[in-house]
Amino acid sequence: MFIHLIVLAKFDGREIAYHFASLDPEKILKQQKLIRDVSPVFPSAYGIHVLKTERKEFASVQTLDGYFRDVIEYTDLDEFFSVVKQLGQVKSEDVASYMERKYNLLAFPLQKTLYYIYADFLIDYQKPLFQAHFLAYDKGPVDGDVYRIYKHYQSKLKESHELEKKIMAGTAASNILEEVDSGVQKYHAEFDWDGPNPTHNPDSPWQVARARDGQNAVITDSDILKHHQAEKI
């Protein structure tokens, strides 16, 4: 019978697996060692499964065990780990979920605090803390993905633990929780729907983006790097 070595990773609702099959147990053991040696992520980022079937194809594994039914197969180990690293990148909704669960922020202070955490880190380290897509909405910078999830699937936002999962997998910055917690403590009380809105200051990234591309324009990292000083609190 064929022995199937399956390295399974799950991020953001997607399931992918590196699949290696052989009749020779020694080749399976050798491949397991190779996986440990070349993995660019922590072992907690994936699980290793070994099964036996009559056929070499991954489809035979999916037929045997429905647990693998929706898994996308990769047979190239480098490609698999490249996709794992890509899927494991921290997104704005991961951070917003953590903030929502820990601090129970309303939509307006959630968006503003998320933006300032992102912008401050970008200025300080010249790289983003997480992936985000801020748009110049009427009330200021808003991450489109977080807006959609908060509006239509708020329970999903409260239930997700992807940020902690990605930290354990080694695909998130090691200090990300410290940065987020510090940002929330610094900013969350600064924002009220009817209060002052420093993101609307002259020459702010929000103002520059809207002047360039109109309502709901994309606020780029370049806009933030050049103009965040105008909105600093």
Side-chain angles (χ1 to χ4, degrees), residues 8-17 41 44-47 66-72 83-122 128-173 176-185 187-195 197 199 205-206 209 215-221 224:
L8 181 65
K10 300 180 181 181
F11 290 104
D12 298 329
R14 290 187 59 184
E15 299 177 294
I16 63 171
V41 295
S44 55
Y46 53 83
Y67 181 72
F68 299 99
R69 182 184 58 192
D70 298 322
V71 174
I72 299 173
V83 175
V84 167
K85 290 174 64 178
Q86 179 183 351
L87 294 178
Q89 294 300 302
V90 176
K91 301 177 178 61
S92 54
E93 54 263 43
D94 302 330
V95 178
S97 174
Y98 171 79
M99 293 165 61
E100 176 74 2
R101 284 185 284 108
K102 185 169 182 177
Y103 299 102
N104 196 31
L105 301 179
L106 297 175
F108 188 74
L110 174 66
Q111 286 280 4
K112 289 295 182 291
T113 303
L114 184 71
Y115 171 74
Y116 270 88
I117 291 170
Y118 180 90
D120 284 356
F121 190 91
L122 184 65
L129 182 61
F130 51 87
Q131 295 179 354
H133 302 91
F134 289 103
L135 306 174
Y137 278 29
D138 288 344
K139 279 291 186 176
V142 169
D143 183 275
D145 292 330
V146 173
Y147 176 84
R148 175 181 55 82
I149 295 173
Y150 190 97
K151 183 175 182 179
H152 300 290
Y153 311 101
Q154 190 174 0
S155 61
K156 178 181 177 182
L157 199 65
K158 288 179 177 291
E159 294 167 3
S160 172
H161 290 77
E162 286 293 322
L163 178 57
E164 292 90 336
K165 182 178 178 180
K166 291 172 181 179
I167 292 170
M168 292 179 62
T171 57
I176 189 167
L177 291 185
E178 178 183 345
E179 293 287 340
V180 173
D181 287 334
S182 175
V184 172
Q185 295 299 327
Y187 289 118
H188 81 280
E190 297 285 341
F191 303 111
D192 181 81
W193 183 262
D194 296 316
N197 196 339
T199 60
W206 177 89
Q215 188 179 39
N216 299 348
V218 174
I219 300 174
T220 67
D221 284 356
I224 295 172

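- With hydrogens and angles disregarded, a donor-acceptor distance shorter than 3.5 Å links the side chain of Thr171 to the backbone of Lys166.
- Of the charged side-chain nitrogens involved, none lies within less than 4.0 Å of a carboxylate oxygen, so that Asp145 and Lys91 do not count as a salt-bridged pair.
- The aromatic rings of Tyr115 and Phe134 stand perpendicular to each other, their planes meeting at an angle above 60°, with 30° marking the opposite boundary.
- No more than 12 heavy atoms of other residues, nucleotides or ligands shown are found within 6.0 angstrom of NZ on Lys85.
- At distances below 3.5 Å, at least one donor-acceptor pair connects side-chain atoms of His188 with backbone N or O atoms of Val184.
- Taking 4.5 Å as the limit, every side-chain heavy atom of Leu163 sits out of range of all side-chain heavy atoms of Ser97.
- Remark: Asp181 engages Lys102 in a salt bridge, criterion side-chain N to carboxylate O under 4.0 Å.
- Within the 4.5 Å cutoff, side-chain heavy atoms of Lys112 are placed close to those of Asn197.
- Here the side chain of Lys165 pairs a donor or acceptor atom with the backbone of Lys10 at under 3.5 angstrom.
- Residue Tyr150 forms a side chain to side chain contact (heavy atoms under 4.5 Å, CB included) with just one option from Leu105, Val142, Leu110, and that option is Leu110.
- Side-chain contact check for Gln185 versus Tyr103: some heavy-atom pair is nearer than 4.5 Å.
- Remark: the Tyr118 side chain and the Asp143 side chain contain no N/O donor-acceptor pair separated by less than 3.5 Å.
- Without hydrogens or angle criteria, Ser44 side chain to Met168 main chain gives a donor-acceptor distance under 3.5 Å.
- For the pair Asn104/Lys158, a side-chain contact is recorded, criterion being any heavy-atom separation below 4.5 Å from C-beta on.
- For the pair Glu162 (side chain) and Asp94 (backbone), a donor-acceptor distance under 3.5 Å is absent.
- Counting only heavy atoms from C-beta outward, the side chains of Tyr137 and Asn216 approach each other to under 4.5 Å.
- Of the residues Val41, Ile16, Leu8, the one that meets the side chain to side chain contact (heavy atoms under 4.5 Å, CB included) test with Tyr46 is Val41.
- Atom NZ of Lys156 sits in a sparse spot, with 12 or fewer heavy atoms from other residues, nucleotides or ligands closer than 6.0 Å.
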